[in-house]
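One structure is given here, and the rest of the page talks about it.
Note: hydrogens, waters and symmetry copies are ignored here, and every other heavy atom, side chains too, is used. Atoms within each ligand, like the ligands themselves, are counted from 1 in listed order.
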Amino acid sequence: MLAAMTTATNLPSAPSRLADPGEGISADELALAGRNHALLLEAMRHDVTPAGLHYVLVHYDVPDVDATTWTLSVDGKVATPLSMDLERLRAYPPVSIPVTMECAGNGRAHLEPRPVSQPWLEGAVGTAVWTGARLVDVLADARPTGRAVDVVFTGADHGVERGVEQDYARGLSLAEALRPDVLLAYEMNGQPLPPQHGFPLRLVVPGWYGMTSVKWLTSITLTDAPYDGFQNAVAYRVKQDVDDVGEPVSRIAVRALMIPPGFPDFGSRRRIVEAGHVALSGRAWSGRGVVTRVEVSYDGGTTWADAVLEPAPGRFAWARWTATWTATPGDHELSVRATDDTGDTQPTSPAWNAQGMANNGVQRVHAHVR
Ligand SMILES: Nc1nc2c(c(=O)[nH]1)N[C@H]1C(S)=C(S)[C@@H](COP(=O)(O)O)O[C@H]1N2
Ligand SMILES: [Mo]
């Protein structure tokens, strides 16, 4: 059954590759960028991102799901296979959690050489309040057998990726899947999920990069071996060479972003700022620990000053930070970096890997002060 989800084909399909030196964004990448939109950085003024401003990443097409006939199956290494509709899912005790989700490819377009894929700058992030049933409650009813080690989540969307035709699917270890904050979410910010965010049901795995939170969920299959489908074994890996096996991508590395100050130039998005005291703010998050420090630099990363960090609204939600910049006339490069309680911080130059995964290089904002 799992084999049917992942089939090598000879369909035309773009390979994984690095851009040549000086190669610009192609029309193919522009088509991806137009579909998969980033958070507008000024939307970080909201604790909870309005649904329409949350970043979107859809590998294939948004599937056409009829909620009246849709069902979720829970099968594989379970004593009691289940099939349930939305009404049955809503009968489980509902839980709401604010979660900052980030795409593992965030920042990819800044890498040199540039992995050719969805060309994110830095906005592939957003925070939503997700409401749904706890996965652990549903799995308790299905009763995993002693042989279950992995849980495979499959969506209703279908496509071909690097020659492999597939339904989007990801495996997660049973131990991680049983965490009480892993949700089968049917609401985003108090409303039914929007089509692009997984209507009618998605998985939400707080703290992990977004690829784990499978949208348009149709089946949950427990397996007695680690899942080796495309999205686990090939796509979401940190590789030094496109042909490496690499290491799996998992939890979100610490990162901070600022709302660019002043007003933008339309074409370049460079900032025009009035001299004097400038209030800066933004957000910081980590899926691996708790953010303990945010620092801001006004001189291209030569010197750093502590920002004020506010309490986060939840363990897996971003925290707001503020700082005051004394802006003097001239051209300046602003940047911000966060540190978490595991000691992790952000590198000034992003750590390179062949698929542009899980990099957390610092944001740079160019400002002209007048
Ligand atoms: N079924 C399915 N689930 C999916 C995806 C997808 O293409 N299909 N994209 C994943 C990726 S790579 C990310 S970053 C998040 C994005 O979630 P969002 O669009 O709600 O922000 O969904 C994940 N879940
Ligand atoms: Mo992603």
TODO: Report yes or no: does Met188 have a heavy atom closer than 4.0 Å to ligand 1?
DONE: no
Any N or O of [X] that comes nearer than 3.5 Å to an N or O of ligand 1?
X: Asp157; value: yes
X: Trp216; value: no
X: Met101; value: no
X: Trp130; value: no

Residue and atom name of the nearest protein heavy atom (relative to [atom]), distance in Å to one decimal:
atom: atom 14 (S) of ligand 1; value: Tyr55 OH, 3.0 Å
atom: atom 17 (O) of ligand 1; value: Arg202 NH2, 3.2 Å
atom: atom 15 (C) of ligand 1; value: Gly210 O, 3.4 Å

TODO: Could you tell me whether Arg147 atom CZ has more than 12 heavy atoms of other residues or ligands within 6.0 Å of it?
DONE: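 Result for CZ/Arg147: open.
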TODO: Report yes or no: is the cationic atom of Arg337 (NZ for Lys, CZ for Arg) closer than 6.0 Å to the six-membered ring centre of Trp304, at no more than 45° off its axis?
DONE: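 Verdict for Trp304: a cation-pi partner in Arg337.
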TODO: Could you tell me whether Arg288 sits above the aromatic face of Trp208, with NZ or CZ closer than 6.0 angstrom to the six-membered ring centre and within 45 degrees of the axis?
DONE: no
- [ ] With heavy atoms under 4.0 Å as the rule, classify the contact between Ser213 and ligand 1 as side chain, backbone, both or neither.
- [x]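 Contact part for Ser213 vs ligand 1: backbone (N, CA, C, O).
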TODO: Please check if any side-chain donor atom of Thr127 sits under 3.5 Å from a side-chain acceptor atom of Thr100, or the reverse.
DONE: yes
Task: Closest to atom 3 (N) of ligand 1 among His54, Gln196, His37, Lys215 (heavy-atom distance) - done: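 Ranked by closest heavy atom to atom 3 (N) of ligand 1, first place is Lys215.
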